[in-house]
**Q** 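Here it is, the structure, as structure tokens.
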Amino acid sequence: MRNVLKAARTFVHDDSGMMTTYGMFVTVGMLIAGGYAIDLSNVMTARTQLQVTVDSTAHAALVTRELKSEAEAKAKALEIAEANMPKALYGNVIDDRGIEFGSWNAVSQTFVPEPDARDAVRVRVARNAARENAVPTYLLKLVGLNSWNLTREAVLISYNPACLREGFVAEQVVDLQSNNVYVNGFCIHSNQYVKLSSGNFFEKGVTVSMPNKDTVQLPNSGLASNIGLEDALKNNRMHLRILNRLDELRKG
């Protein structure tokens, strides 16, 4: 019995081989930390790629929808998505069900799908297990995490400046004569400058814009004979895309 107790005490206080056990724990910990760093970097790259794809796809859909049918807009959007993330490499990240046209509610900050809409588009892309294209992990497989599921979304809304709906717009000079009344909501814009005569009245809410409002040309009486003009003057430049469509519009 004495020998047994002595052997037990010796075993308890024996620390030979301790560094081997410690080294195993350190190695496993380093593998887990390294695996997390590598796989996190990989998933961040995949997420950024998905975001770029969904943004460019949504842009293509909305721009095409301005003049084309919904089916044509979706087809163009899917073409852009394929160019960014080919199915042969990334699987099916999007189909036409992932593209919805509708309107944007600025108050509730929500997208509302609507038939025949042109004002806004929502696009969703994904890499997940359901589509069999989830983002694979590498070292994290050692702890049972085989893949990441990623989904990205983009909502784009069209912007039509007030001047393109109610007012005078020109790439060159806008020359206004005397004794006119411009009411709230009316807009006058030139991508060069605006020239005015005297006796005009500009109601609050009217916009008179040009790249540099200091280049406005006034009569000798200046702002005094153009009531409300000082508040209406704004700096602005517009890309007048509609000018490229004038021949098409003339033809009907």
**Q** Roughly how far, to the nearest 0.5 Å, is OH of Y193 from CD of Q172?
**A** 10.0 Å
**Q** Are the ring centres of F186 and F168 closer than 6.0 Å?
**A** yes
**Q** Start with the C-alpha distance between R152 and R47, add both sets of side-chain angles, then the distance that settles side chain to side chain contact (heavy atoms under 4.5 Å, CB included), and finish with yes or no.
**A** CA-CA 8 Å; R152 306 304 291 168; R47 190 173 71 170; 3.6 Å; yes
**Q** Just wondering, are more than 12 heavy atoms of other shown residues or ligands nearer than 6.0 Å to CD in Q217?
**A** yes
**Q** Take T110 and S108, measure what side-chain hydrogen bond (donor to acceptor under 3.5 Å, both in side chains) needs, and give me the verdict at the end.
**A** CA-CA 5 Å; T110 55; S108 62; 2.6 Å; yes
**Q** Tell me, yes or no, whether the heavy-atom count around N220 atom CG, taken from other residues, nucleotides or ligands under 6.0 Å, exceeds 12.
**A** no
**Q** Could you tell me whether R118 atom CZ has more than 12 heavy atoms of other residues or ligands within 6.0 Å of it?
**A** yes
**Q** So, taking the atom named OG in S197 and the one named CG in D175, what distance separates them when rounded to the nearest 0.5 Å?
**A** 6.5 Å
**Q** Going from OH on Y138 to CG on N42, what distance comes out if it is rounded to the nearest 0.5 angstrom?
**A** 4.5 Å
**Q** Quick one: list whatever passes ring pair (Phe, Tyr, Trp, His ring centres under 6.0 Å) with F101, sequence neighbours left out.
**A** none
**Q** For E100 and R122, indicate whether the former's side chain and the latter's backbone hold a donor-acceptor pair under 3.5 Å.
**A** no
**Q** Would V123 end up clustered with V112 when hydrophobic side chains under 4.5 Å apart are linked, directly or stepwise?
**A** no
**Q** When hydrophobic residues are tied together by side-chain contacts of less than 4.5 Å, even through go-betweens, does V216 share a cluster with V169?
**A** no
**Q** Would you say S198 and P219 make side-chain contact, with heavy atoms under 4.5 Å?
**A** yes
**Q** Contact between V155 and W104 at the side-chain level, heavy atoms closer than 4.5 Å - yes or no?
**A** yes
**Q** Evaluate whether atom NZ of K87 has more than 12 neighbouring non-hydrogen atoms of other residues, nucleotides or ligands under 6.0 angstrom away.
**A** no
**Q** Show the nearest heavy-atom pair for residues A60 and A77, with the distance to one decimal.
**A** CB-CA, 4.2 Å
**Q** Determine whether H59 and L156 make a side-chain contact, defined as any pair of heavy atoms from C-beta on separated by less than 4.5 Å.
**A** yes
**Q** Specify the closest pair of heavy atoms between P211 and Q192, including all atoms of both residues, with the distance to one decimal.
**A** CD-O, 3.7 Å
**Q** Would a single hydrophobic cluster contain both L62 and I80, if residues Ile, Leu, Val, Met, Phe, Trp and Tyr are joined by side-chain heavy-atom contacts under 4.5 Å?
**A** no
**Q** Please report the shortest heavy-atom distance between T64 and K76, naming the atom on each side.
**A** OG1-CG, 3.4 Å
**Q** I need the minimum non-hydrogen distance between N200 and L196, along with the two atoms involved.
**A** ND2-CD2, 4.3 Å
**Q** Quick one: which of L229, I188, L233 gives a side chain to side chain contact (heavy atoms under 4.5 Å, CB included) with V194?
**A** I188
**Q** So, taking the atom named OG in S178 and the one named CG in N226, what distance separates them when rounded to the nearest 0.5 Å?
**A** 8.5 Å
**Q** Would you say the side chain of L150 lies within less than 4.5 Å of the side chain of N128, judging by non-hydrogen atoms?
**A** no
**Q** Side chains of T151 and V125, heavy atoms from C-beta outward: is any pair under 4.5 Å?
**A** no
**Q** So do the side chains of L78 and D96 get within less than 4.5 Å of each other, counting heavy atoms only?
**A** yes
**Q** With the 4.5 Å side-chain cut-off for hydrophobic clustering, are L218 and F202 part of the same group?
**A** yes
**Q** Within this structure, what is the OG-CD distance for the pair S158 and E66, rounded to the nearest 0.5 Å?
**A** 7.5 Å
**Q** With a 4.5 Å cut-off on side-chain heavy atoms, are I99 and V121 touching?
**A** yes
**Q** Counting distance only, does the side-chain N/O of S209 pair as donor-acceptor with the main-chain N or O of K234 below 3.5 Å?
**A** no
**Q** Rounded to the nearest 0.5 Å, what's the gap from OH on Y90 to CD on E82? Could you check?
**A** 11.0 Å
**Q** Please check if atom CD in E132 has more than 12 non-hydrogen atoms from other residues, nucleotides or ligands closer than 6.0 Å.
**A** no
**Q** Does the pair D55 and Q51 meet the rule for a side-chain hydrogen bond (donor to acceptor under 3.5 Å, both in side chains), with working shown?
**A** CA-CA 6 Å; D55 288 344; Q51 190 64 59; 3.0 Å; yes
**Q** V181 and V206: same hydrophobic cluster, using ILVMFWY side-chain contacts below 4.5 Å?
**A** no
**Q** Consider only side-chain N and O atoms of N84 and T57, and report whether a donor and an acceptor are under 3.5 Å apart.
**A** no
**Q** Do E171 and N191 have side-chain atoms, one donor and one acceptor, less than 3.5 Å apart?
**A** yes
**Q** Restricting to non-hydrogen atoms, name the atom on M210 and the atom on H189 that form the minimum distance, rounded to 0.1 Å.
**A** N-ND1, 4.1 Å
**Q** Can any side-chain N or O of N180 pair as donor or acceptor with the backbone N or O of Q177 at less than 3.5 Å?
**A** yes
**Q** Apply salt bridge (Lys or Arg N to Asp or Glu O under 4.0 Å) to residues E72 and R65 and explain how you reach the verdict.
**A** CA-CA 8 Å; E72 290 174 301; R65 184 71 180 103; over 6 Å; no
**Q** Can you give me the closest heavy-atom contact between P136 and R127, atom names plus distance?
**A** CD-NH2, 4.2 Å
**Q** Begin from the C-alpha positions of T45 and V43 and carry the test side chain to side chain contact (heavy atoms under 4.5 Å, CB included) through to its verdict.
**A** CA-CA 5 Å; T45 299; V43 77; over 6 Å; no
**Q** If we only count heavy atoms from C-beta on, is the L50 to M85 side-chain gap below 4.5 Å?
**A** yes
